[in-house]
Amino acid sequence: MKWLDKAPSNIALIKYMGKIDASVNLPTNASISYTLNELLSFVELEATDAGQDSWQAIARDDCDLLALSDTGQQRFIKHLNFLKQQFNYQGHFIIRSGNNFPANCGLASSAASFAALTRVACTALAELTQRELPKITKMAQLSRKGSGSSCRSFYSPWCLWREDTVETVELPYPELLHQVVVVGAAAKEVATSAAHLRVPSSSLFNGRIARAEARLDNLLTAFEQQDWRQAYHITWQEFWDMHALFETAEPPFGYFTADTFAVLEQMRRVWQDHKDGPLVTMDAGPNVHLLWRPDQQALAQQTRQQLKEHYHVL
Ligand code: PMV
């Protein structure tokens, strides 16, 4: 018996960074994200009598063959085990997974893959144990325990996560164009899970919750008033705030490369020259995410062409 499901990635504009309870991934502050419906993870489960769970890369035309580290495989198997416990199920599975985008380079592959694993496992386990399929709110809650940011991938286009509540928010920008300027595709030296644990050692962590919460309120207001420039300023401040926490942690760590700075500078020039431009943000990685309004399509295409002279743009 086999089951297959998929889930999208998401990009946070107000970031989840820091946990009040690491055992269940409860965040120190609320976060808001835009769901990236084109960046997908696929997970297949096959029931096996092998006596243990195992992981393999999924073979699909739309996915590169995923090379998941041993730690990555163990994290995935551990989450499946946690889901099996919820259903009191003792059997085993072969997990096959992959993404239609590069993994482990700050493109939130863990958000998409844990959401997809949770979805497919809930379907398989509900069927095998003849129980009701959990509601989306429940699935998001279960998924959060595997990877915090994955709980936001259950809602589209906008998702607000505060403490243990995850929900969609209605905003005037339901459809945005998303680009990622990939300046580095190598695996990260400091994994996000370690970053969460290390940021409280920064002296800038004092006041972080208040800053993030105030920015969230201001961002929602800016969106409601369709003040795109103000939204750009807020999201710019927010990713710098997160990266400043990284650089001032003890010991410090960071993800920016010379190319990251060059891309950010280029986006600043777009805004100066056109009095308009994309929302700019970064995850825990060197790559730069851009979000454009649909009416900015021509400027988005032109910027993409310029960026493609030097970088890979997804
Ligand atoms: O879900 P995690 O533990 O991989 O954390 C994700 C953290 C960031 O991507 C850096 C920010 C966010 O809110 O997605």
Side-chain angles (χ1 to χ4, degrees), residues 8-17 31-40 99-103 105-109 111-112 149 152-153 156-159 171-185 188 215-216 218-220 222-223 226-243 255-314:
S9 185
N10 69 74
I11 179 73
L13 295 182
I14 302 298
K15 309 290 181 182
Y16 153 52
M17 183 42 58
S31 58
I32 186 165
S33 58
Y34 181 74
T35 302
L36 305 173
N37 285 312
E38 272 153 44
L39 301 186
L40 295 167
N99 311 310
N100 68 355
F101 59 95
C105 60
L107 298 184
S109 59
S149 57
R152 296 188 310 236
S153 284
S156 182
W158 293 99
C159 182
L171 291 171
Y173 301 103
E175 249 175 72
L176 296 174
L177 301 169
H178 174 248
Q179 298 169 342
V180 196
V181 191
V182 182
V183 302
K188 297 189 255 184
R215 253 181 228 131
L216 174 60
N218 294 339
L219 182 63
L220 291 172
F223 279 147
Q226 305 204 24
D227 187 345
W228 187 255
R229 173 181 288 273
Q230 181 62 6
Y232 158 66
H233 286 310
I234 296 166
T235 53
W236 183 275
Q237 288 164 3
E238 172 64 7
F239 82 75
W240 275 98
D241 192 351
M242 180 176 77
H243 283 266
Y255 302 93
F256 280 54
T257 67
D259 284 339
T260 307
F261 285 108
V263 172
L264 294 177
E265 186 52 34
Q266 205 170 327
M267 292 310 106
R268 211 201 303 261
R269 272 207 308 279
V270 169
W271 270 93
Q272 269 162 11
D273 295 349
H274 299 270
K275 308 281 174 271
D276 198 7
L279 303 185
V280 180
T281 193
M282 292 175 63
D283 258 342
N287 304 317
V288 181
H289 291 251
L290 309 176
L291 288 170
W292 305 82
R293 304 183 311 269
D295 66 285
Q296 293 176 304
Q297 177 124 24
L299 183 55
Q301 280 311 329
Q302 182 190 327
T303 307
R304 183 190 179 86
Q305 284 315 320
Q306 288 163 355
L307 287 164
K308 277 177 78 172
E309 288 171 20
H310 301 285
Y311 313 103
H312 181 48
V313 185
L314 279 179

Exercise for the section: Calculate, to the nearest 0.5 Å, the distance between atoms CG and CD1 belonging to Leu171 and Ile32 respectively. Expected result: 5.5 Å
Handout entry: Straight-line distance of Ser31 OG to Ile14 CD1, nearest 0.5 Å
Key = 9.0 Å
Problem - Rounded distance (nearest 0.5 Å) linking atom CE of Met242 with atom CE of Met17 - result: 5.5 Å
Problem - Separation between CG of Leu40 and OG of Ser9, rounded to the nearest 0.5 Å - result: 9.0 Å
Handout entry: Minimum side-chain heavy-atom gap Met267-Leu290 below 4.5 Å
Key = yes
Fill in the blank from the handout: Rounding to 0.5 Å, atoms CZ (Arg269) and NE2 (His274) come to a distance of 10.5 Å
Could you go through residues 300-314 and list every donor-acceptor pair under 3.5 Å that involves a side-chain atom there, pairing it with any protein atom two or more places apart or in another chain?
residue : atom : partner : partner atom : Å
Thr303  : OG1  : Leu299  : O            : 2.7
Arg304  : NH2  : Val313  : O            : 3.4

Exercise for the section: Could you go through the side chain to side chain contact (heavy atoms under 4.5 Å, CB included) check for Trp228 and Leu279 one step at a time? Expected result: CA-CA 8 Å; Trp228 187 255; Leu279 303 185; 3.5 Å; yes
Exercise for the section: Would you check if the distance from the ring center of His178 to the ring center of Tyr34 is below 6.0 Å? Expected result: no
Handout entry: Minimum heavy-atom distance Tyr232-Val280, with the two atoms named
Key = CE1-CG2, 4.0 Å
Exercise for the section: Kindly indicate, with the supporting measurements, whether the criterion side chain to side chain contact (heavy atoms under 4.5 Å, CB included) is fulfilled by Tyr16 and Arg152. Expected result: CA-CA 11 Å; Tyr16 153 52; Arg152 296 188 310 236; 3.8 Å; yes
Problem - Ion pair Asp276/Arg293, N-O distance below 4.0 Å - result: yes
Problem - Aromatic plane relationship, Phe239 with His243 - under 30° parallel, 30 to 60° tilted, over 60° perpendicular - result: perpendicular
Problem - CH2 on Trp271 to CZ on Arg229, rounded to 0.5 Å - result: 5.5 Å
Problem - Side-chain touch Pro157/Thr35, heavy atoms, less than 4.5 angstrom - result: no
Handout entry: Heavy atoms of other groups near Glu38 CD, more than 12 under 6.0 Å
Key = no
Problem - Side chains of Asn10 and Ser153, donor plus acceptor under 3.5 Å - result: yes
Exercise for the section: Verify side chain to side chain contact (heavy atoms under 4.5 Å, CB included) between Asp283 and Ile11, making sure each step is shown before the conclusion. Expected result: CA-CA 8 Å; Asp283 258 342; Ile11 179 73; 3.6 Å; yes
Problem - Candidates Thr235, Thr281, Asp241 - the one meeting side chain to side chain donor-acceptor pair (under 3.5 Å) with Lys15 - result: Thr281
Exercise for the section: Answer yes or no: is there a side-chain heavy-atom contact under 4.5 Å between Leu13 and Phe223? Expected result: yes
Problem - Pairwise side-chain contact, Thr260 with Met282, heavy-atom cut-off 4.5 Å (strictly under) - result: yes
Exercise for the section: Scan side-chain atoms only and decide if Gln179 and Trp292 contain a donor-acceptor pair under the 3.5 Å cut-off. Expected result: yes
Handout entry: Asn37 and Pro8, any side-chain heavy atoms less than 4.5 Å apart
Key = yes
Practice task
Take Val263 and Val183 through the test side chain to side chain contact (heavy atoms under 4.5 Å, CB included) and record every step on the way to the result.
Solution key: CA-CA 9 Å; Val263 172; Val183 302; 3.9 Å; yes
Exercise for the section: Answer whether the closest heavy-atom distance between the side chains of Pro278 and Leu291 falls below 4.5 Å. Expected result: no
